[in-house]
Chemist: 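Let me give you the structure first, and then I'll get to my questions.
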Protein chains: 2
Amino acid sequence: MTQLEPAGAAETTAAETKLGRKRDHTRDPEILAAALEVLAETGFDGMTIDMVATRAKAGKATLYRRWPSKNELVIDAVACMKQGDLDQASLPDTGTLRGDFVAMIKPRSIEDGEKKMQIMAGLMSMLSATPEMADAANNAIVKPRAAANRFLMQRAIDRGEISPECDIDTLCLVTPSMAAYRTLIERKPVDRDFLITLIDGVLLPALGLRGDTAPAGRGKVAPPAS
Amino acid sequence: MTQLEPAGAAETTAAETKLGRKRDHTRDPEILAAALEVLAETGFDGMTIDMVATRAKAGKATLYRRWPSKNELVIDAVACMKQGDLDQASLPDTGTLRGDFVAMIKPRSIEDGEKKMQIMAGLMSMLSATPEMADAANNAIVKPRAAANRFLMQRAIDRGEISPECDIDTLCLVTPSMAAYRTLIERKPVDRDFLITLIDGVLLPALGLRGDTAPAGRGKVAPPAS
DNA sequence: AAGATCCGGAACTCCACAGTATCGTATAGA
DNA sequence: TCTATACGATACTGTGGAGTTCCGGATCTT
């Protein structure tokens, strides 16, 4: 991508020899965060470099000293996006799969997801034209959540709660996909009720847990719905 | 939306009295079709009125005589989008739910779906800013397919194949949502294998049909995976 | 201290596109 | 035939944003 000066008689690396004030790299994260905010609010095409610079209290020239173009700035911003608390270590472990899924529903997590979806919507228009952007978005937004779901389900397989025949690679994408549709196209909130509906109406039944013909008790959430 | 001349002393409707060459309304569908093509290829922001006019072999002024702005042209194009063959009358009826789902996988249908997804991607950037566009896209692209799925599942309930407790209102959105994710973000093809995986790995298990612990035979598609 | 480079800020160039106006031509009604 | 309008084509205007350049001031190295 960036081949560095193959020139002949440079003393060291020519990058070592630089004089003057050093670039303040502590500002990079602030600028990238500002870019993500504007991106979520206006979308990629509505977003201007001036907006980002103003929001970050920086000069437009400063941004262009660090990123060669708007495209690269946005790709970097998405790629450097910090995950929520989706590390395996911080995932819940309640003993049952349903308990784990429900424990993942936290206001913090919902809010985080909504913002990520706004960012995804803003990026959507350029995903077709810029595959590297599609990869960055997928890696930063969807994959971590899918991996968390897969981890919980694999653990349920390991302890014998669900069958190892289950297609968890497909099922771990159900929640992210349907939450995206609900946010981006239906424009309805991805709230606790919706997520519980997904867990009890799709995920657990597909894994062979409850949901099947519901013997008697109040095991179901939704009423017969006229 | 369009209030017509409340003027006082018009002979008839004043729209009747018009002289000269009449507008050729047979061209409207061609222009809207051209708009959809360009939209799918370049996205809303990359699309220019000139592109649409050129593609439709029409003058730019002609487009502006019929639609007041680019926004309204696109909204109209999406709203007037013709459905594929998703009428209840033309849906398959094989006697089993799996048979019906599989019978809906046709090259024609897949191709149609891919194009609609491209259109959806192109619209995504303006969905937040223009709710009426979000509704138009939802009604034209996703809802018909969800309705077809719901119809097939309701029929399976009626004939006793699956339990009436199943949350078919949620489940009918699984395929459209996950196909959208696969096309738009993962950029993988929504082919027959993928759709079969959804049917056998998510939908049917969630409805209480097969998929559960697979007694013995080679009922599963994927091997145990290392 | 001196020179080099960074900073935020603002003015600037350049270009693409939405929307308008004008042209010669084609087609409708009177 | 005459007039009014729609047509495709092309030229034009206005605006907005990407990317560049310049400035005075700050910060680093030597």
Side-chain angles (χ1 to χ4, degrees), chain A residues 10-32 34-35 38-39 41-77 122 125-126 129-130 133, chain B residues 10-32 34-35 38-39 41-77 122 125-126 129-130 133:
Chain A
E11 258 194 334
T12 56
T13 337
E16 300 276 359
T17 326
K18 287 202 3 174
L19 292 210
R21 182 174 173 179
K22 285 175 187 166
R23 182 166 296 171
D24 178 12
H25 274 246
T26 67
R27 308 256 8 226
D28 284 8
E30 305 173 29
I31 296 172
L32 293 174
V38 178
L39 184 61
E41 291 168 15
T42 70
F44 178 81
D45 305 280
M47 157 184 167
T48 72
I49 298 291
D50 278 301
M51 288 184 200
V52 179
T54 302
R55 175 95 44 137
K57 286 190 247 304
K60 188 157 62 157
T62 301
L63 272 65
Y64 276 103
R65 268 183 224 110
R66 304 180 186 210
W67 293 275
S69 71
K70 178 182 169 183
N71 265 20
E72 309 240 7
L73 167 64
V74 172
I75 291 177
D76 215 19
S125 63
M126 67 179 312
T130 314
M133 176 66 80
Chain B
E11 256 195 334
T12 56
T13 335
E16 300 277 358
T17 326
K18 288 205 352 177
L19 292 211
R21 182 174 174 178
K22 284 175 188 166
R23 182 166 296 171
D24 178 12
H25 274 243
T26 66
R27 306 254 11 223
D28 286 6
E30 305 172 27
I31 296 171
L32 293 175
V38 177
L39 184 61
E41 292 167 14
T42 70
F44 179 82
D45 305 280
M47 156 183 166
T48 72
I49 298 292
D50 278 300
M51 289 183 200
V52 179
T54 302
R55 176 94 44 138
K57 284 190 250 302
K60 188 157 59 157
T62 301
L63 271 65
Y64 277 102
R65 269 182 223 112
R66 305 182 186 209
W67 293 275
S69 72
K70 178 183 169 182
N71 265 19
E72 310 242 5
L73 168 64
V74 172
I75 291 177
D76 214 21
S125 63
M126 66 180 312
T130 313
M133 177 66 81

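Per chain, numbering begins at 1; letters A, B, ... match sequence-line order.
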Chemist: Categorize A:A61 for me: base, sugar-phosphate, or nothing, with a 4.0 angstrom heavy-atom threshold over every strand shown.
Modeler: base
Chemist: B:D24 has an atom CG; how far is it from atom C1' of C:dT25, in whole Å?
Modeler: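 Going from CG in B:D24 over to C1' in C:dT25 covers 16 Å.
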Chemist: Measure the distance from CD1 on A:I49 to P on D:dG16 and round it to the nearest whole Å.
Modeler: 18 Å
Chemist: Do A:D45 and B:F44 make a side-chain contact, defined as non-hydrogen atoms from C-beta onward lying under 4.5 Å apart?
Modeler: no
Chemist: Measuring from atom CD of A:E41 to atom CZ of A:R55, what distance do you get when rounded to the nearest 0.5 angstrom?
Modeler: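 Rounded to the nearest 0.5 Å, the CD-CZ separation comes out at 4.0 Å.
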Chemist: Mind checking the CZ-NZ spacing from A:R65 to A:K60? Nearest 0.5 Å is all I need.
Modeler: 13.0 Å
Chemist: Is the shortest side-chain N/O distance from B:R27 to OP1 or OP2 of D:dG8 below 4.0 Å?
Modeler: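 Answer is yes, contact under 4.0 Å.
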Chemist: Quickly work out the B:F44 CZ to C:dA16 P distance and round it to whole Å.
Modeler: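 Those two atoms, CZ and P, are 19 Å apart.
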Chemist: At less than 4.0 Å, is any side-chain N or O atom of B:T62 found next to OP1 or OP2 of D:dG8? Yes or no.
Modeler: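 Affirmative; the distance criterion is met.
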Chemist: Measure the spacing between CG of B:D28 and CZ of B:R23 and express it to the nearest 0.5 Å.
Modeler: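 Output value for this atom pair is 8.0 Å.
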Chemist: With a 4.0 Å cutoff (strictly under), does any side-chain N or O of A:R23 reach OP1 or OP2 of C:dC6?
Modeler: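 Yes.
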Chemist: Respond yes when some side-chain nitrogen or oxygen of B:K22 is under 4.0 Å from OP1 or OP2 of C:dA28, and no when none is.
Modeler: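 No, no such contact exists.
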Chemist: Spell out yes or no: do the side chain of A:K60 and the base of D:dG19 have one donor N/O and one acceptor N/O closer than 3.5 Å?
Modeler: yes
Chemist: Any base atoms under 4.0 Å from B:M47, or only sugar-phosphate, or nothing? Heavy atoms, all strands.
Modeler: sugar-phosphate
Chemist: I'd like to know if B:R21 reaches the base of C:dA28 with its side chain, counting only an N/O donor and acceptor under 3.5 Å.
Modeler: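 Side chain to base: no pair present.
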Chemist: Any chance you could measure B:W67, atom CH2, to B:L32, atom CG, to the nearest 0.5 Å?
Modeler: 4.0 Å
Chemist: On DNA chain D, compare the nucleotides closest to A:G46 and B:R65; which residue's is nearer the 5' end?
Modeler: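 Of the two residues, B:R65 wins.
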Chemist: In whole Å, what is the span from the CG atom of A:L19 to the P atom of D:dT30?
Modeler: 7 Å
Chemist: Could you give the NE2-to-C1' distance, from B:H25 to C:dT27, as a whole number of Å?
Modeler: 15 Å
Chemist: In whole angstrom, what separates A:I31's CD1 from C:dG9's P?
Modeler: 12 Å
Chemist: Please state whether the base of D:dG19 and the side chain of A:K70 form at least one donor-acceptor pair under 3.5 Å?
Modeler: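 By the distance-only test, no, there is no pair.
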Chemist: Return the 5'-most residue of the pair A:Y64, B:A58 with respect to DNA chain D, ranking by each residue's nearest nucleotide.
Modeler: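 It is B:A58 whose nearest nucleotide is closer to the 5' end.
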Chemist: Mind calculating the distance between CG (B:L63) and P (C:dA21) to the nearest angstrom?
Modeler: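 Going from B:L63 (CG) to C:dA21 (P), I get 17 Å.
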Chemist: Give B:D50 one of three labels, base, sugar-phosphate or nothing, depending on what nucleic acid heavy atoms sit under 4.0 Å from its own.
Modeler: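 No contact at all - B:D50 keeps every heavy atom at 4.0 Å or more from the nucleic acid.
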Chemist: On DNA chain C, compare the nucleotides closest to B:M51 and A:A53; which residue's is nearer the 5' end?
Modeler: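 By nearest-heavy-atom nucleotide position, the 5'-most residue is A:A53.
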